[in-house]
Colleague: 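I am attaching a structure below and will ask some questions about it afterwards.
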Amino acid sequence: MHRERPPLRARVVGTGSYTPGHVLTNHDLEEMVDTSDEWITERTGIKERRIAAEDENTSDLAYEASVRALRDAGVKPKDVDLIVLATMTADMPVPATACILQNKLEAKRAVAFDVGAACSGFLFALSVAENYVKTGAAGRVLVVGAEVLSRFVNWQDRSTCVLFGDGAGAVVLAPAEGDEGILSVELHSDGSLGNLLCLPGGGARSPASPESLQQGLHYIHMKGNELFKVAVKSLEKAALECLKKNKMKPSEVSLLVPHQANLRIIQATANRLKLPMERVMVNLQTYGNTSAASIPLALDEAVRTRRVRDGDYVLMEAFGGGLTWASALVKWAA
Ligand code: UT7
């Protein structure tokens, strides 16, 4: 039987994002813990973050971002074949947040599942989705990064609570016809460093109990300083790996869209790649670290503000719990 040759590439045909309305500023945090706007700004670059309302869950943020991305792509929910959602703050352990989203969207024929790679989650989800499109197994794919981190942060721990925010971003992938689209996605994991960023409670190892609550195991635990050092090295390597695969130099990158964890990490990576900051998308001052949502949130803003244009080479890179790190190179075509 004659089978059509599968498309060689996937491309992004729509982007969308959503953040909750409530703004928590550094000055608000000064009232809550022993911190200062000066410390947070100098050490992280963050000025404010968005916090989900009590009745807003990860799937609700994901829904709003997805509706916008699908509208941008001109794709109806009923025509979506696959939903891959990256999160570390799922609505609940079962069902997957992707299935809850599928139901809200009424994307009845879409297969839906979650991907867990913490802050690198969006690029891991993009890689899965890209491969479905490349093999011809799916035509229209919704890739989402969504988080309500504010529910997993210890609001009495100044070393973590000032960093995180809530939000969601989404892209729609479709088969590419020309030489545009996702050129490559590189993924890495190192489980031996898993203790640097974890949320240890609520799983099979430490199910929810009065003791686990008392020990704060249901909160994000992070060894920020150690992570920082690994992050800078890994991100440079991942970025160069992606470029090398495509026989490109850093100077050919039109826009770097990095995971928005810390301005100092972003600047150090840009510096190592000799990329001027004008070619780096930064919006963490407004949203903080939104984990899996940060790249699609920044990408959508870059598209809306016309910082990405057809033919541009967009490099994305992320680093997070697992440990995991990743990069992706896209030749943009709207
Ligand atoms: O997104 C996934 C991956 N995550 C990351 O990549 C995060 C990477 N790490 C970082 O971004 C940084 O390490 C942090 C922003 C988390 C921390 O910055 P740092 O420059 O590494 O600070 P530190 O942890 O070394 O702490 C320096 C000092 C300490 O005081 P002492 O021991 O020197 O007296 C902390 O207790 O700053 C103190 N400190 C604070 N002071 C005021 C820690 N948090 C705060 C705070 N306000 N919020």
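Numbering of ligands and ligand atoms starts at 1, following listing order.
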Colleague: Using heavy-atom distances, let me know which of Met88, Arg158, Glu42, Met222 sits nearest atom 30 (O) of ligand 1.
Modeller: Arg158

Colleague: Looking at Lys104 and Asp60, is any side-chain nitrogen of the basic one under 4.0 Å from a carboxylate oxygen of the acidic one?
Modeller: yes

Colleague: Minimum heavy-atom separation for Ser59 and Leu101, please, with both atom names.
Modeller: O-CD1, 4.2 Å

Colleague: Just jot down the ligand 1 atoms closer than 4.0 angstrom to any heavy atom of Ile265, in number order.
Modeller: 6 (O), 8 (C)

Colleague: What are the atoms of ligand 1, with element, lying closer than 4.0 Å to any heavy atom of Thr44?
Modeller: 15 (C)

Colleague: Write out the residue and atom name of the closest protein heavy atom to atom 8 (C) of ligand 1, then the distance separating them to 0.1 Å.
Modeller: Gly224 O, 3.6 Å

Colleague: Between Lys245 and Glu186 (salt bridge meaning N to carboxylate O under 4.0 Å), is one present in this structure?
Modeller: yes

Colleague: Quick one: which ligand 1 atoms are inside 4.0 Å of a heavy atom on Cys119?
Modeller: 1 (O), 2 (C)

Colleague: Would you say atom 19 (P) of ligand 1 touches the protein, meaning some protein heavy atom is under 4.0 Å from it?
Modeller: yes

Colleague: Check ligand 1 against Asn289 and write out every atom of the ligand that is under 4.0 Å from a heavy-atom position of the residue.
Modeller: 1 (O), 2 (C)

Colleague: Pick out which of Thr41, Asn26, Thr25 makes a side-chain hydrogen bond (donor to acceptor under 3.5 Å, both in side chains) with Lys47.
Modeller: Thr41

Colleague: Shortest non-hydrogen contact from Phe124 to Trp325?
Modeller: CE1-O, 4.0 Å

Colleague: Could you find the nearest protein heavy atom to atom 5 (C) of ligand 1 and give me its residue, atom name and distance?
Modeller: Leu227 CD1, 4.0 Å

Colleague: Which atoms of ligand 1 sit under 4.0 Å from any heavy atom of Arg43?
Modeller: 19 (P), 20 (O), 22 (O), 27 (C)

Colleague: With a cut-off of 4.0 Å, which atoms of ligand 1 are near a heavy atom of Val162?
Modeller: 48 (N)

Colleague: At less than 4.0 angstrom from any non-hydrogen atom of Leu197, what atoms of ligand 1 do you find?
Modeller: 2 (C), 3 (C)

Colleague: Any idea which atoms of ligand 1 are less than 4.0 Å away from a heavy-atom of His259?
Modeller: 1 (O), 2 (C)

Colleague: Tell me the nearest of Phe164, Trp39, Phe228, Phe319 to atom 17 (C) of ligand 1, using heavy-atom distances.
Modeller: Trp39

Colleague: How close does the nearest protein non-hydrogen atom get to atom 21 (O) of ligand 1, and which residue and atom is it?
Modeller: Asn225 ND2, 3.1 Å

Colleague: Which residues pass the side chain to side chain donor-acceptor pair (under 3.5 Å) test with Ser254, not counting sequence neighbours?
Modeller: none

Colleague: What part of Asn262, side chain from CB on, backbone N/CA/C/O, both or neither, has a heavy atom under 4.0 Å from ligand 1?
Modeller: side chain

Colleague: Would you tabulate the side-chain donor-acceptor contacts of residues 162-178 under 3.5 Å, counting partners in other chains and residues two or more places apart, or write 'none'?
Modeller:
residue : atom : partner : partner atom : Å
Asp166  : OD1  : Leu149  : N            : 2.8
Asp166  : OD1  : Ser150  : N            : 2.9
Asp166  : OD1  : Ser150  : OG           : 3.4
Asp166  : OD2  : Ala52   : N            : 2.8
Asp166  : OD2  : Ser150  : OG           : 2.6

Colleague: Any protein heavy atom at under 4.0 Å, with atom 11 (O) of ligand 1 as the reference point?
Modeller: yes

